[in-house]
Amino acid sequence: MEYFWYVLAALGAGVGTGLAGLSAATVMVPMLLVLCPSFSGDTGAYQATAVALASDILGSAVTTTIYIRHKNIDLKHGWIMLVCIVSMCILGSAAAWKAGNVVLGAFSLFLTFFIGIRFLVKPDTQRDQTMGDNDKLGVKQIIVSLFFGLTIGFGTGFFGSGGGMMMLVVFTAFLSMDMKKAVGTSTLIMTFTAIIASVSHIVIEPAIVLQRYDALLVCIPVATFGSVVSARFANKVNTKTVGLVTGAVLTVLGAAMLMIYYWNIVSKVPFVSETLICLGKYCVYIAAAVTVLLAIRFGLKPPRELFRKLLHLVAFASSVVLAVTAEHWVAASAASLVFAVVIYPAIAIFEKYSWFADLLVQRKAGEIKKSLVLLFAMMAVLIAFGWGVLGQRWLAVTAILMWGTGDAAAALCGKKFGKHHVAIKGADPKKTWEGSIAMAAASFVIGMLCLLLTCDLAWYRIFAAALITAVAGAFTELLSHGGNDTVTVPSVNILILAPLILL
């Protein structure tokens, strides 16, 4: 299981490096310490930092190459920071060994979170007073470069993290660089600091190479891959988009790391801790699924409607994750509601840009925002009813999966084979009998499978329950307009399934 966390931590570190110039340890060190038991002990943090620094070397180097190719490096205004940071990095690494098991302090974590909020609120870092290539550093900027260069350099060697994040702040807020040049310059500096700090760590404790070779072999290539992909993305889109994505990454990262840092306090409240654990695992599923979907979108380039239904598949299948990971229905429902509250403002920000609607195949403005919020809120209610009131953990999941698979089948078959439009009063005239039949068939099959796996009932009762529910769900979908089937069909499904199974 530790190898899974190695991959996840390294991938997150690589994306942070390529997108925002974050040092790998900002993500990797807390994750390795908290999620990997082998990194416990007096030297666990020191070894985790060494692995992160080693992963930073190649990741920062290839990221820097991409930014140089796009002329997004500004050493003329960043050379003082480079000299100071590199010179203080060795001293900080030696001090870290003397200090023992040190983790990134709360100040840096709060800073990460609030910088993320800042970029979400104001993603465009381009300013009227942005420094040009021929502008010289003033006295104030030289002093700022010296002060922050020395402190960031020591901190990078000591903590192994925080350097990229702090450089991003200094370059954009104090030296007036635009976002892309700030990230490119910081990753160039991080390449040198990562080499120096990692070598220093290994020289001080050579056992790192022998004891952590497996982590090094996994983390270095994965982090490098993440850096390359995110750096190419950052250099191809406009500054505002980079700012938005950076803000989202930093906000989520900061919130997650703060939760890890203060977990001993949070874990004392049973309901809160259980909900957060469920929400964390849920977010891991969403992040992994979105990564795969984006690879499919740009790699295989499937038809737009097929990709749209793949997005729906990921969304409604997430109900399984809630049912599996939560120990109590309250945690599962609360996690779904919290995710809905968080995702709504994020989508509201991104949907203002044309690339968002194209990327997620949005048919009309606000469609994705509405459907996702309805879905997650509906899941919370159905889980509370099915699991909380009726005591059936999988009842809500079955109702949701029957709707989701049926809806996908109806859309794909209806568009390709639909020729006979439904003429029933109150029905959506755009829908066809071919699509409705496909929905009923798909719902029936998935309903049978779910009930066979989760219910100890005779097969003929399961057959009858799945068939009746599938037909009722397909008929409800015919009468649902404007995307309201996200609520109406699963609700009808669970109301019909419940008495058929329980009585």
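When reading the values below, keep in mind they use all heavy atoms of this one structure, side chains included, and skip hydrogens, waters and symmetry mates.
Within the 4.5 Å cutoff, side-chain heavy atoms of D485 are placed close to those of T488. The shortest side-chain heavy-atom distance between I57 and M190 does not fall under the 4.5 Å cut-off. Between F463 and M448, some side-chain heavy-atom pair lies under the 4.5 Å cut-off. With a 4.5 Å cut-off on side-chain heavy atoms, W387 and L395 do not count as touching.
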### Task
Dump the intermediate steps for side-chain contact (heavy atoms from CB on, under 4.5 Å) on T486 and W403, then the final yes or no.
CA-CA 8 Å; T486 302; W403 158 72; 3.9 Å; yes

### Message
Run D214 and Y3 through side-chain contact (heavy atoms from CB on, under 4.5 Å) and show every step you take.
### Response
CA-CA 9 Å; D214 55 343; Y3 289 104; 3.3 Å; yes

### Task
Dump the intermediate steps for side-chain contact (heavy atoms from CB on, under 4.5 Å) on V489 and M439, then the final yes or no.
CA-CA 11 Å; V489 177; M439 178 174 184; 3.9 Å; yes

### Query
When you look at T17 and S230, which way does the side-chain contact (heavy atoms from CB on, under 4.5 Å) test go after all the steps?
CA-CA 8 Å; T17 299; S230 56; over 6 Å; no

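Closest approach of A289 and V314 over heavy atoms only: CB-CG1, 3.5 Å. F376 and A340 make their closest contact through CB-CB, 3.7 Å (heavy atoms, listed as atom of the first residue, atom of the second, distance). Minimum interatomic distance between T63 and G18 (heavy atoms only, all atoms of both residues): CG2-CA, 3.7 Å. Across all their heavy atoms, A331 and C278 have their closest contact at O-SG, 4.2 Å. Shortest non-hydrogen contact noted between L337 and A380 is CG-CB, 3.5 Å. Considering every non-hydrogen atom in both A317 and L401, the closest pair reads CA-CD2, 4.1 Å.
Once rounded to the nearest 0.5 Å, the distance linking OH of Y6 with CG of L217 reads 11.0 Å. Atom-to-atom distance recorded for Y282:OH and T275:OG1 is 14.0 Å, nearest 0.5 angstrom. With rounding to the nearest 0.5 angstrom, the CE atom of M167 is 8.5 Å from the OG1 atom of T187. We find the CG-SG distance between L58 and C219 to be 13.0 Å, quoted to the nearest 0.5 Å. Here the straight-line distance linking atom OG1 of T398 with atom CG of L382 works out to 11.5 Å at 0.5 Å rounding. Here the CD1-CG distance, from I462 to L457, works out to 5.0 Å after rounding to the nearest 0.5 Å.
Screening L451, L453, V324 for a side-chain contact (heavy atoms from CB on, under 4.5 Å) involving W394 leaves a single residue, V324. Applying side-chain contact (heavy atoms from CB on, under 4.5 Å) to K281 and the options L322, I286, L276, T325 leaves one that passes, T325.
Under the 3.5 Å distance criterion, the side-chain polar atoms of S319 are matched with a main-chain donor or acceptor of F316. Distance alone, capped at 3.5 Å, is enough to place a donor-acceptor pair between the S318 side chain and the A315 backbone. In terms of modelled atom types and a separation under 3.5 Å, the side chain of E274 and the main chain of H328 share a donor-acceptor contact. With S443 contributing its side chain and M402 its backbone, the two residues share a donor-acceptor pair below 3.5 Å. Listed for the R461 side chain is a donor-acceptor partner under 3.5 Å among the backbone atoms of I501. Judged purely by atom type and a 3.5 angstrom limit, E477 has no side-chain atom pairing as donor or acceptor with the backbone of D407. S186 places a side-chain N or O within 3.5 Å of a backbone atom of V183 that can act as its donor or acceptor partner.
Under the side-chain contact (heavy atoms from CB on, under 4.5 Å) criterion, A438 pairs with A409, C413, sequence neighbours left out.
The number of heavy atoms from other shown groups lying within 6.0 Å of CZ (F475) does not exceed 12. Surrounding CZ of R393 are more than 12 heavy atoms belonging to other residues, nucleotides or ligands, all under 6.0 Å away.
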